[in-house]
Structures are given as structure tokens and as C-alpha cells.
Amino acid sequence: MLTQTIKILIVEDEAKIASFIQLELVHQGFTTVIEANGRKALDRIIHENFDLILLDVMLPEMDGVEICRRVREVSTVPIIMLTARGDIEDKVAGLDTGADDYITKPFVVPELLARIRAALRKHNVSAQQQTEDVLSVKNMVLFPSRYEVQIDGQHVELTKKEYDLLEYLVRHKNWVLDRERIVLEVWGYEYMGDTNVVDVYVRYLRSKLDEPFGQKYIYTVRGVGYVVKD
């Protein structure tokens, strides 16, 4: 990621915290702008181009939750809320009004940077979904035009047949598919082997998708076959 092209608005009225965040982000190559007033921040978000917003909750003139709510009426820009430690209500309110993530103060810089990168990856995937044919299940996205799979923005390396099987299952998500049908559709009429090949390739997929990312995508329906579920 070319961080010098990423412009971040820091909405924070505590000058020391804002300066600390700005220093760390500039050191990482991001372009940053600070705004301490809530109403002015909203105006800037609407009229200027930012790639991500770091948004404090407690602000003069307009709080962060209200800013987030209004921004979501007109923009999908990634928003990370900055909340006080243990302030659960602020976290819930921020997420309910459309924030992508939150981080509690005080925080460590590596965690802040990781959350920024994750929010930017998520936004990039969403933008890609608007411009090309994609399939998605939970946090996994398939790009059929380039045989690519991403989970949380991270590329997953699959063989051609693994990808073909996964795409077929995802295109029929929430449908229970028996092994015979899967073999016919994925391996074709010419395939002369038995249906155990499906079980083998499902194990391959689980080892690359479910296990590394701690998520379950392909479910076994005993005595029938498999289903991908949202």
C-alpha cells in the first residue's frame, strides 16, 4: 500500500493526543489533517476527500456518534471511532451508526496502525465489488474474472480446481449440494473417478480457508454433501 497517497482526518479536540497520532501516522507515510471541532469536522468530511477518518466521540459542538450518523447518509469513507476505555455505550452507538471499527484510549501505536490497515482493506474490497463481478460469503470475497480469493483483504492461494469447487459452492450458497452433482458440475461428464474426490478437495479448501482464518465456510451435511453458508 502506498501510504503517501492515503489522507487521514484526525478528529480529536485534545491537542496532545491529536499531535501524537499525527506524528505517528506521518512517520508511517500517511498524509494527515487535524480538526478539533465536531461541526467543522463534519463539513470537511463532506466537502473534502479523505481516505479514512479517526473520530473521537467527545467533541465540541457535535459529538462523534452524530458525525458518523450524518456522514453515513452521504459517504462510505472508513471511520474508526476513538472511545474512552470501558465506555461500551459509545462503542455500540458508533458501530450502530456505521463506524467500521473502534479503538479505546489509551492505545498502542501498532494496534492503531493495524486497525487503520484493516479498515482500508475492507473499504478497497467494497469499492472493487461495485466495479466488477464478485461473490462473497461472510468475510470472504471471490473475483471470478481473475480466479482470486480474498479473506479480510488478504489473498488466498488456491489451485484452479480448488477455486472452481469453491466458486461453485459459493454461487449456490445456502443450498445443500450432493457429491454427484458437485462432481458433474465441477469435474465434468468425462470424469471417471468416484465422488470421494469432493471430500478430498473440501479438506484442501478447509486447510486454506477455515483453519488459517478461524472461520467456517463449508459445512458437511451428513449422508448428502456440502453447503456454504452466510
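Between the side chain of D100 and the main chain of I80, no donor-acceptor pair closer than 3.5 Å is present. R39 contributes no side-chain N or O that, together with a main-chain N or O of M62, makes up a donor-acceptor pair within less than 3.5 Å. Remark: the backbone N or O of A15 is paired with a side-chain donor or acceptor of S19 at under 3.5 angstrom. Remark: side-chain polar atoms of D178 are not paired, donor with acceptor, to backbone N or O of G225 under 3.5 angstrom. Looking only at distances, a side-chain donor or acceptor of E35 sits under 3.5 Å from a matching main-chain atom of N37. In this structure, H123 contributes its side chain and A119 its backbone to no donor-acceptor pair below 3.5 Å. For the pair Q28 (side chain) and L25 (backbone), a donor-acceptor distance under 3.5 Å is absent.
A single hydrophobic cluster is not seen to contain both V227 and V198; linkage of ILVMFWY side chains at heavy-atom distances under 4.5 Å, directly or through other members, places them apart. Cluster annotation: V108 is not connected to I10 through the hydrophobic network of ILVMFWY side chains, with a link wherever side-chain heavy atoms come within less than 4.5 Å. Under the 4.5 Å side-chain contact rule for hydrophobic residues, V224 and V197 do not share a cluster. Under the 4.5 Å side-chain heavy-atom criterion for Ile, Leu, Val, Met, Phe, Trp and Tyr, V26 and I17 are members of distinct hydrophobic clusters. In the hydrophobic clustering of this structure, I21 groups with V109; members are Ile, Leu, Val, Met, Phe, Trp, Tyr whose side-chain heavy atoms approach within less than 4.5 Å, directly or through other members.
At a threshold of 4.0 Å, the pair K122-D152 does not count as salt-bridged, since none of the basic side-chain nitrogens sits closer than that to a carboxylate oxygen. We find that R179 and D194 are not joined by a salt bridge, their nearest charged nitrogen and carboxylate oxygen being 4.0 Å or further apart. Between K160 and D164, at least one side-chain N (NZ, or NE/NH1/NH2) sits under 4.0 Å from a carboxylate O, which counts as a salt bridge.
Residues satisfying the side chain to side chain donor-acceptor pair (under 3.5 Å) test with E48, not counting sequence neighbours, are R44. Residues satisfying the salt bridge (Lys or Arg N to Asp or Glu O under 4.0 Å) test with E185, not counting sequence neighbours, are none. Partners of R115 under the salt bridge (Lys or Arg N to Asp or Glu O under 4.0 Å) rule, at least two apart in sequence or in another chain, are D101, E111. Not a single salt bridge (Lys or Arg N to Asp or Glu O under 4.0 Å) links R203 to another residue, sequence neighbours left out. Residues passing the salt bridge (Lys or Arg N to Asp or Glu O under 4.0 Å) test with E66 are R69, R70, sequence neighbours excluded.
Residue pairs meeting the salt bridge (Lys or Arg N to Asp or Glu O under 4.0 Å) criterion with at least one member in residues 215-227, sequence neighbours excluded, do not occur.
The number of heavy atoms from other shown groups lying within 6.0 Å of NZ (K208) is above 12.
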TODO: Show the numbers, then the answer: is there a side chain to side chain donor-acceptor pair (under 3.5 Å) between E24 and Q22?
DONE: CA-CA 5 Å; E24 294 296 338; Q22 183 178 52; over 6 Å; no

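Both cation-pi conditions hold for R146 and F143: the charged atom is under 6.0 angstrom from the six-membered ring centre and inside a 45 degree cone around its axis. Under the 6.0 Å distance and 45° angle rule, K229 does not count as a cation-pi partner of W175.
Taking the six-membered ring where tryptophan is involved, the planes of Y201 and Y204 are perpendicular, since the angle between them exceeds 60° and thus also 30°.
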